[in-house]
Novice: 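Pasting a structure here, questions to come.
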Amino acid sequence: MTLLVIAIGGNAILNPTRSSPVEQQRMIDETCREIVQIIQMGHDVVLTHGNGPQVGNLLAMQEECGSVMAQPLDVIGAQTQGMLGYLLQQSLDNRLRESGIKKQVVTVLTQVIVDESCSSFESPTKPIGLYYSEFKARRIMEQGKKMIKNKKGYRRVVPSPLPEKIVEEDIIKNLIRDGAIVIAAGGGGIPVIHRNGLLVGIEAVVDKDLTGSLMASAFGTETFLILTDVEKAALNYGKENQIDLDEITVSEAERYLKEGHFGKGSMEPKVLSAIKFIRSGGKTAIISSLEKAVPALEGGTGTRIVA
Ligand code: ADP
Ligand code: MG
């Protein structure tokens, strides 16, 4: 058995603003069928997932319902870990049963210690939630929240500090050793900091690919797999001269990153996470789509980042 850390995109698993609970279940089941195929290849799996659309929904519910006390972002992060963890855990369990594989699945409510000195605390840039009209945006800004304006309207921005350490690292290692399939650090983990030797949650979000990379390094896995909705990362993405990338070295990846080939907040954090993983001793990072996960692991497709 070789251990594999897999990060799956929030949009690739479900989009609650558009899909009914039935549709959500169908997408979750499809995702879990892919994961089971990976397990059948002989991998132990630690799974992490995005939560962008789910956080957006909870924030929208809070904005719409003035009589309910708004929850801070760490609590919202915990809520989405529970919700998505439940759906994935149950579906994975069912798909494993169907395949006759005896393995236990567990979701760990995961906190992640973030870098307090991160510049993103002074100047938050990570957009979250829905787009608002100027009228509504003003009301939200009166509550002391920061918003930015672009073509589509106003959107809340929050700090997205770098993840430094998984609080539940040791217990997750024990669960892996016991042969469990672990779902951990959903949504990038619940952001926390140390205050007088104690943990406290903070208003921030953490990039799930960066936390996935941190877990892959901490658990000593050879391969870190990032599954999203494109088969390969590309240069000149979306242009006539687009070049899909097969295998690149970290140095090449760093150069392409500097040249601005990868979308901010989308492909850029994935490539950065892959670089960090290789720089801290990992062997291969793979970026591909959920549907191509198995061929990508076999080396048939996807973008591979190697030393
Ligand atoms: P996830 O929810 O999986 O994190 P994102 O939407 O954040 O997904 O990132 C994946 C998206 O990145 C793709 O759908 C694609 O539109 C975009 N993207 C930006 N730059 C590139 C690039 N250079 N190569 C491939 N995809 C890119
Ligand atoms: Mg993303």
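Order of appearance sets the numbers: ligands from 1, and atoms from 1 within every ligand. Just so you know, residue 1 is the first one in the sequence shown, and it goes up from there. The figures that follow rest on heavy atoms only: side chains count, while hydrogens, waters and symmetry mates do not.
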Novice: Consider every N or O of K232 and every N or O of ligand 1, then say whether any pair is closer than 3.5 Å.
Specialist: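 No; the residue has no nitrogen or oxygen that sits under 3.5 Å from a nitrogen or oxygen of the ligand.
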Novice: Could you tell me, atom by atom, which parts of ligand 1 come under 4.0 Å of a heavy atom of G263?
Specialist: 19 (C), 20 (N)
Novice: Counting from 1, what ligand 1 atoms have a heavy atom of G265 closer than 4.0 Å?
Specialist: 7 (O)
Novice: Would you check if I287 and M267 make a side-chain contact, meaning some heavy-atom pair closer than 4.5 Å?
Specialist: yes
Novice: Just by distance, with hydrogens left out, do S280 and S217 show a side-chain donor and acceptor under 3.5 Å apart?
Specialist: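 Present: a donor and an acceptor within the cut-off.
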Novice: Which one holds for K208 and ligand 1: side chain close, backbone close, both close, or neither close, with close meaning a heavy atom under 4.0 Å?
Specialist: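 It is the side chain that gets close, since no backbone atom is under 4.0 Å.
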Novice: Using a 6.0 Å cut-off, check whether atom CG of L199 has over 12 heavy atoms from anything other than its own residue.
Specialist: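 Yes, because the 6.0 Å sphere around CG of L199 holds more than 12 heavy atoms from other groups.
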Novice: Taking only heavy atoms of A234, which atoms of ligand 1 are found under 4.0 Å from at least one of them?
Specialist: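 This gives 22 (C), 23 (N), 24 (N), 25 (C) as the contact atoms.
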Novice: Given that the side chain starts at C-beta and the backbone is N, CA, C, O, which of these parts of K270 lies under 4.0 Å from ligand 1, counting heavy atoms, or is it both or neither?
Specialist: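 It is the side chain that gets close, since no backbone atom is under 4.0 Å.
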Novice: Kindly check if the number of other-residue, nucleotide or ligand heavy atoms within 6.0 Å of NZ (K103) is above 12?
Specialist: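 Above 12, so yes.
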Novice: Would you indicate which of G52, S289, S266 comes nearest to atom 7 (O) of ligand 1 when only heavy atoms are counted?
Specialist: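 It is S266 that holds the nearest heavy atom.
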Novice: Could you check whether any heavy atom of A7 sits closer than 4.0 Å to an atom of ligand 1, since that is the contact criterion I want to use?
Specialist: no
Novice: Would you check if L245 and K232 make a side-chain contact, meaning some heavy-atom pair closer than 4.5 Å?
Specialist: no
Novice: With heavy atoms under 4.0 Å as the rule, classify the contact between D229 and ligand 1 as side chain, backbone, both or neither.
Specialist: side chain
Novice: Would you mind running through ligand 1 and noting each atom that sits below 4.0 Å from a heavy atom of H261?
Specialist: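 Close to H261: 23 (N).
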Novice: F262 to ligand 1: N or O pair under 3.5 Å?
Specialist: no
Novice: Identify which one of T107, L92, V36, V106 satisfies the side chain to side chain contact (heavy atoms under 4.5 Å, CB included) criterion when paired with I181.
Specialist: L92
Novice: Under 4.0 Å from a heavy atom of A233: give me the atoms of ligand 1 that qualify, with their elements.
Specialist: 24 (N), 25 (C)
Novice: Can you list the atoms of ligand 1 that are under 4.0 Å from a heavy atom of T228?
Specialist: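 With T228 as reference, the close atoms of ligand 1 come out as 1 (P), 3 (O), 8 (O), 9 (O), 10 (C).
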Novice: Backbone or side chain, does any N or O of L235 fall under 3.5 Å from an N or O of ligand 1?
Specialist: no
Novice: Do F224 and F277 make the cut of ring centroids closer than 6.0 angstrom?
Specialist: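 F224 vs F277: aromatic centres under 6.0 Å.
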Novice: We want to know whether S289 and D229 form a side-chain donor-acceptor pair, criterion being a heavy-atom distance below 3.5 angstrom.
Specialist: no
Novice: Between the side chains of R33 and E30, is the shortest nitrogen-to-carboxylate-oxygen separation below 4.0 Å, so that they form an ion pair?
Specialist: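 Looking at E30 and R33, the cut-off is not met.
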Novice: Of I183, V45, N94, which meets side chain to side chain contact (heavy atoms under 4.5 Å, CB included) against V105?
Specialist: I183
Novice: Using a 4.0 Å cut-off to any heavy atom of G9, which atoms of ligand 1 qualify?
Specialist: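 Ligand 1 atoms under the 4.0 Å threshold to G9: 1 (P), 2 (O), 3 (O).
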